[in-house]
Amino acid sequence: MLRVIRYGAVALIAVLVLGSLAVGLGWLQSGPRVTPAAGGPVIARFNLIDQKNQAVSERDVLGRPSVMFFGFTYCPEVCPTTLASLTALLGKLGADANRLGAFFVTVDPERDTPDELKKYLSPFDPRIRGLTGAPDQIAVLGKSLGVYYAKVPTEGGGYTMDHTASVFLLDAQGRFVGTIAYGEGDKAALAKLQRLASGA
Amino acid sequence: MTILIRAGMALAFGTSILLAGISAAHEYVAGPLKIVHPWSRATPPGATVGAGYMKIINQGATPIRFLGGSTSAAQRVEIHTMIVDGGVMRMRPVTGGLVVPAGGQVALKPGGAHLMLIGLKKPLVEEDMVPLTLMFDGGVTVDVDLYIESMGAPSSGHEGH
């Protein structure tokens, strides 16, 4: 009788130890899976060009998970810091970063030409593709993801753009699966990107 | 005490004051105004706008209105606020300047009110010092230098002063 109890106890301890090891090492799902909401936003078909003047459509986004940020080059703070942060995060992902697509879509195609984008993106991760083109194509893409942006006139005849400051996370089918909020810490952001890259 | 020892002490004292001055440096005092750690971020090539951040302290007994500034590095300087409202970034120019209360301060910082350097004549380069003249009502001006931090600097490393 005692032997059974002893073996049982050992077995139980073994299971607990192995189980916690498994969770700790991520062999089992330890967190919420990244799943798109049924009927949630999914990228529309679009035709834009990147900073090298190459045509980009939704087909260039689909096929692997991606991150997409909507901004403009006349933005002094949110946009450069988000791009710098994204660059650092992609670096931290190491080889896994190659599993992700990364896109900077301008909400100000009037001013942000491919050449402008090329210059602007040059200090950041070269994997980030800058997209510009026809305003109505930008609108189609932005609307499909629920991105808000609006032109706001400023004194002296210029304008600024209000825009959603979050980084959008898309799965390989182009479905919205989450965001990295502006100001969200690097640790949380990295974890989201790791989940995105591995959940491919 | 010999004159040598006294001289040595004076030198040590003087040096420590100098070093203290340098370590507390990057502050500018003009009458009741103290400007602490003006800084900006390096800009990507082709970017035509930059930001400006600093703390403006009014040690005087009357409020002072901060009106903006000018710099040879850009066509004009404006004060802007930035709000992230429900995930949407909205930037707006501030008209009428910002009042710095008597015995109080105004902080121009990332995520809040800040200066916009509009029409940059060339990119802001990390570790450069960019001259900027701050303008207050009553014709008061203060010349400062913006220290250029890295492109992704979330905040100046000079917080806590």
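Here is how names work: the chains are called A, B, and so on, in the same order as the sequence lines, proteins then strands, and each is numbered from 1.
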Inset, instruction - Tabulate, in ascending numerical order, the residues of residues 69-82 of chain B having at least one heavy atom closer than 4.5 Å to a heavy atom of chain A, or enter 'none'. - result: B:Arg76, B:Met82
Inset, instruction - Report the distance from atom CD1 of B:Ile118 to atom OG1 of A:Thr154, rounding to the nearest 0.5 Å. - result: 7.0 Å
Inset, instruction - Treat each ILVMFWY residue as a node, draw an edge where side-chain heavy atoms are under 4.5 Å apart, and state whether A:Met68 and A:Leu62 are in one component. - result: yes
Legend entry - Contact summary for B:Val49 and A:Tyr74, nearest pair of heavy atoms: CG2-O, 3.3 Å
Legend entry - A:Pro76 side chain near B:Met91 side chain, heavy-atom distance below 4.5 Å: yes
Legend entry - B:Val36 reachable from B:Met135 in the ILVMFWY side-chain graph, under 4.5 Å edges: no
Legend entry - Over 12 non-hydrogen atoms of neighbours within 6.0 angstrom of CZ in A:Arg45: no
Inset, instruction - Establish whether B:Leu98 and B:Val140 are linked, either directly or via other cluster members, by ILVMFWY side-chain heavy-atom contacts under 4.5 Å. - result: yes
Inset, instruction - Report yes if the side chains of B:Pro44 and A:Phe124 come closer than 4.5 Å at any heavy-atom pair, otherwise no. - result: yes
Inset, instruction - Say whether A:Tyr149 and A:Val152 are linked into one hydrophobic cluster, either directly or through other cluster members, by side-chain heavy-atom distances under 4.5 angstrom. - result: no
Inset, instruction - Indicate if B:Val94 and B:Phe136 have the same hydrophobic cluster label, given that clusters are the connected sets of ILVMFWY residues with side-chain heavy-atom separations under 4.5 angstrom. - result: yes
Legend entry - From SG (A:Cys79) to CE (B:Met89), nearest 0.5 Å: 6.0 Å
Legend entry - chain A contacts, top residue of B:Ala51, B:Gly86, B:Gly87 (heavy-atom pairs, under 4.5 Å): B:Gly87
Legend entry - A:Lys143 atom NZ, over 12 foreign heavy atoms within 6.0 Å: no
Inset, instruction - Flag the pair B:Thr48 / A:Glu116 as yes when at least one side-chain heavy-atom distance between them is below 4.5 Å, and no otherwise. - result: no
Legend entry - Segment of B:Met116 engaging chain A (4.5 angstrom heavy-atom cut-off): side chain
Show every donor-acceptor pair shorter than 3.5 Å between a side-chain atom in residues 57-65 of chain B and any protein atom, with sequence neighbours excluded, or say none if there are none.
residue : atom : partner  : partner atom : Å
B:Asn58 : OD1  : B:Gly60  : N            : 2.8
B:Asn58 : ND2  : B:Thr62  : O            : 2.8
B:Asn58 : ND2  : B:Val100 : O            : 3.1
B:Asn58 : ND2  : B:Pro101 : O            : 3.4
B:Arg65 : NH1  : B:Gly96  : O            : 2.6

Inset, instruction - Side chain from CB out, backbone as N, CA, C, O: work out which of these in B:Thr43 comes under 4.5 Å of a heavy atom of chain A, or both, or neither. - result: neither
Legend entry - Sub-4.5 Å side-chain heavy-atom contact between A:Pro123 and B:Met151: yes
Inset, instruction - Would you give the length of the straight line joining atom OG1 of A:Thr160 to atom CZ of B:Arg90, rounded to the nearest 0.5 angstrom? - result: 11.5 Å
Inset, instruction - Give, as side chain, backbone, both or neither, the part of A:Ser122 having an atom under 4.5 angstrom from any heavy atom of chain B. - result: side chain
Legend entry - Heavy-atom check, side chain of A:Glu77 versus side chain of B:Tyr53, under 4.5 Å: yes
